[in-house]
Amino acid sequence: MSKLTFARAINAGLRKSLENDPKVVLMGEDIGSLGGVFRVTDGLQKDFGKHRVIDSPLAESGIIGTAVGLAYRGYRPVCEIQFDGFIYPAFDQIVSQVAKMHYRTQGRVKMPITIRVPFGGGIGSPEHHSESPEAYFTHTSGLRVVAVSNPQDAYTMIQQAIASDDPVLYFEPKRRYHDKGDVDETLDLSTALPLDKAAVVTAGSDVTLVAYGPLVKTAKDAAMAAADEGISVEVIDLRSLAPVDYPVVEASVRKTGRLVITHEAGQSGGLGAEIAASITERCFHYLESAPVRITGFDVPYPYSKLEMHHLPDLDRILDGVDRALGRRNSLSGLEG
Amino acid sequence: MLTDQAGKGVHNHTPGPGHSAQIPLRTGGDLLQLVSPEGERISHPEFDIWVKDIGDEHLCSLYEDMTVIRRIDAEATALQRQGELALWPPLLGQEAAQIGSSRSLRDDDFVFPSYRESGVAYVRGAHLSEIARVWRGNASYGWDPLRINLATPQIIIGSQSLHATGYAMGVQLDGANTAVLAYFGDGATSEGDVNEAMVFAASYQAPVVFFCQNNHWAISEPVRVQSHVQLADRPSGFGIPSMRVDGNDVLAVMAATRVALDRARKGGGPTFIEAVTYRMGPHTTADDPTRYRDPIELEDWAAKDPILRLRKLLEAKGLLTEDVEARVKSKADAVAAELRASCIDMPDPQPLDVFNHVYSTPNSWIERQKDHYSRYLNSFNQPVEEGAL
Ligand SMILES: Cc1ncc(C[n+]2csc(CCOP(=O)(O)OP(=O)(O)O)c2C)c(N)n1
């Protein structure tokens, strides 16, 4: 067991994948001598060479489009998109090509491409550096979408993503890159929790609180704060955003009867809406109150001086928990 | 570097006042220089005429501009280090490229910058607080683009080249003689957008100038990762003529930009300028160039410093009087002080500003979220009543 930062844990996972499979290649802007702008690929080019850790031209469509060709040729490309907001030039390649190739060829051609995307806000960056674009991709069939929330998962899930024959969007919560945690580097991938499973990270009985990526930590903190008030919150780390592991969420809601979902992305058309609808369909008779969403607002990600208002924090989540429980909250007395 | 072999597909045009400057489709080659690194004026048969109006006074004012924007850059970098700005993209070393090009523009020309053109913003008439505002994180735009004909900083690499081309197509539809100029870096030339912009510009012969500041680095990637040939050699494949100029030579940059703008105004179509320069600072204040850059390379380029070069020219001409030096220094001091003060005094935005201007007409989703969030904020001011629902 070693204590690693989030960024080092992903680095260690990438290293392991590069060592284990000669078909794994890394591509992205500044991932070589700089080690990526967040240093996630630090030292990998030095150790594996320029042909396996490739500094790409500034062309996101090019990065993903050439990965498609490499995959055709039997490689397992791991592409880094430098920041969430720069994935859109590659959007066409991802949704029109990467996502559809397996279906189009009825399984003849696989696209084992991993696309690493630092996502989310909270680091005081300018425009296009703090987006949460996951719903665009969860809406696209054929893609697996995961969001990691702690160094251990970061380490194992990157390897599972690379090993997956499906294309995986691997979202990394950039504001947690420096958080440290225990990482068992000997963990056998075959015994680790599979890539598409959710995890109950705090057990509880009054309210189910679903989170992923950067907000898992906030959700756990909120659960602790709620416990001080005698409220027992069960926190679920979704891990896989597409497909969502509904059985785990369902079992929890059947127990608690209440659901709060939190994410940084805007509310409309977001993952929270999908989960609220699906859980309502699956366990309507168990719900004691309407599912509550605590999310970013339906606005472009605001400039940094205001981002703390946009991002769900502990207090906003607790307010949502109060709403689900019918306790006094900021919207008390308001209809609808 | 300018010959008569005007390439196929390039319109002949009526050149500037009483002379001819045809731009061939490039096949490689020279760097246009009007001032040597030692500060000597190099005469050029075709380009001299484009700067013949630049007299002593004008040269001194270019020197002032370059000194002032270097000072803005230094002050902003310091403000970032002191936590007053969230980020800053330095332009150290690119002063001649930015001043030479932007001082060639007319007020009615329209400019589409990337994020590094703070020097251009200064020249276009942006207030210092407007330049600082975005980097402080207080707003998502600084200046009114329609007031100073300068689009807001563009962070998505190369996107603005398409906007510039579209604007130029609009100018063409209007039958106006406005020129449009797009700034981008060497790395940007790899993006699809820049290549698509060149396709459109060539197809419609749009009056746009693509001004590429080749500062040799795209964050950590040297220009050879982006291109196997000189950047100025690439536009010829699109049917766009190009020039390769010494970007640290303010006179050469001016001459080339004036030729290109003139060409655009007279219906000659797009031109590509590669201004060969060097980013002497980090990519942004968040970057650490020691991880990827050889210090010797930096030293070589420091010797070609654009301000130093102009100083030498002014000295040789006997223009660098104490008077001029004092005037330039006091201007730079004043601008720096104003930048600092306007930055520190800038009022913080209000929480509910988050919801403003998402749409031009009211939107019920956002109104509801705004109402809920305002109730949420107010709830912190309310006493807790026992058992209240
Ligand atoms: C579409 C997109 N991809 C990546 C980035 C991240 N990024 C910001 S600046 C930069 C390097 C740009 O280099 P260049 O075009 O040469 O301009 P310079 O910064 O050197 O002026 C990169 C990769 C971005 N802003 N937009």
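- Checked against the 6.0 Å centroid threshold, A/H310 and A/Y301 count as a close aromatic pair.
- For the residue pair B/Q226/B/D186, the side-chain donor-acceptor check at 3.5 Å is not satisfied.
- For the options B/G187, B/A86, B/S379, B/G158, heavy-atom pairs under 4.5 Å to chain A are most numerous at B/G187.
- Side-chain contact, B/R116 with B/H283: a donor N or O sits under 3.5 Å from an acceptor N or O.
- When the candidates A/S268, A/S125, A/P300 are compared by the number of heavy-atom contacts under 4.5 Å with chain B, A/S268 comes out ahead.
- In this structure, chain A has a heavy atom under 4.5 Å from the side chain of B/I157, while its backbone stays farther away.
- When B/K370, B/R291, B/R375 are compared by the number of non-hydrogen pairs under 4.5 Å with chain A, B/R291 comes out ahead.
- Both the backbone and the side chain of B/D353 come within less than 4.5 Å of a heavy atom of chain A.
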Could you check B/F380 against A/D315 for side-chain contact (heavy atoms from CB on, under 4.5 Å), going step by step and ending with a plain yes or no?
CA-CA 10 Å; B/F380 287 94; A/D315 286 325; 4.0 Å; yes

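- For a residue to count as touching a neighbouring chain, one of its non-hydrogen atoms must lie under 4.5 Å from one of that chain's; by this rule B/D348 touches chain A with the side chain only.
- Here A/S56 is the residue among A/G35, A/G62, A/G85, A/S56 with the most heavy-atom pairs under 4.5 Å with chain B.
- For A/S289 (side chain) and A/A324 (main-chain N/O), a donor-acceptor pair under 3.5 Å exists by modelled atom type.
- Taking all atoms of both residues into account, the shortest heavy-atom contact from A/S132 to A/E134 is C-OE1, 3.0 Å.
- Among A/L306, A/D55, A/L34, A/D30, the residue making the largest number of heavy-atom pairs under 4.5 Å with chain B is A/D30.
- Comparing A/D298, A/V299, A/D319 by how many heavy-atom pairs each has under 4.5 Å with chain B, the most go to A/D298.
- Comparing B/I156, B/V134, B/L87 by how many heavy-atom pairs each has under 4.5 Å with chain A, the most go to B/I156.
- Proximity to chain A (any heavy atom under 4.5 Å) is shown, for B/D288, by both the backbone and the side chain.
- Using a 4.5 Å cut-off between heavy atoms, A/R323 makes no contact with chain B at all.
- Within 6.0 Å of atom OH in A/Y88, more than 12 heavy atoms from other residues, nucleotides or ligands are found, so the atom counts as buried in its surroundings.
- Of the possible polar contacts, one joining the A/E307 side chain to the A/G124 backbone as a donor-acceptor pair under 3.5 Å is found.
- Within a 6.0 Å radius of CZ in A/F48, other residues, nucleotides and ligands contribute more than 12 heavy atoms.
- Both the backbone and the side chain of A/E29 come within contact range of chain B, with heavy atoms under 4.5 Å apart.
- Only the side chain of B/Y373 comes within less than 4.5 Å of a heavy atom of chain A; its backbone N, CA, C and O stay farther away.
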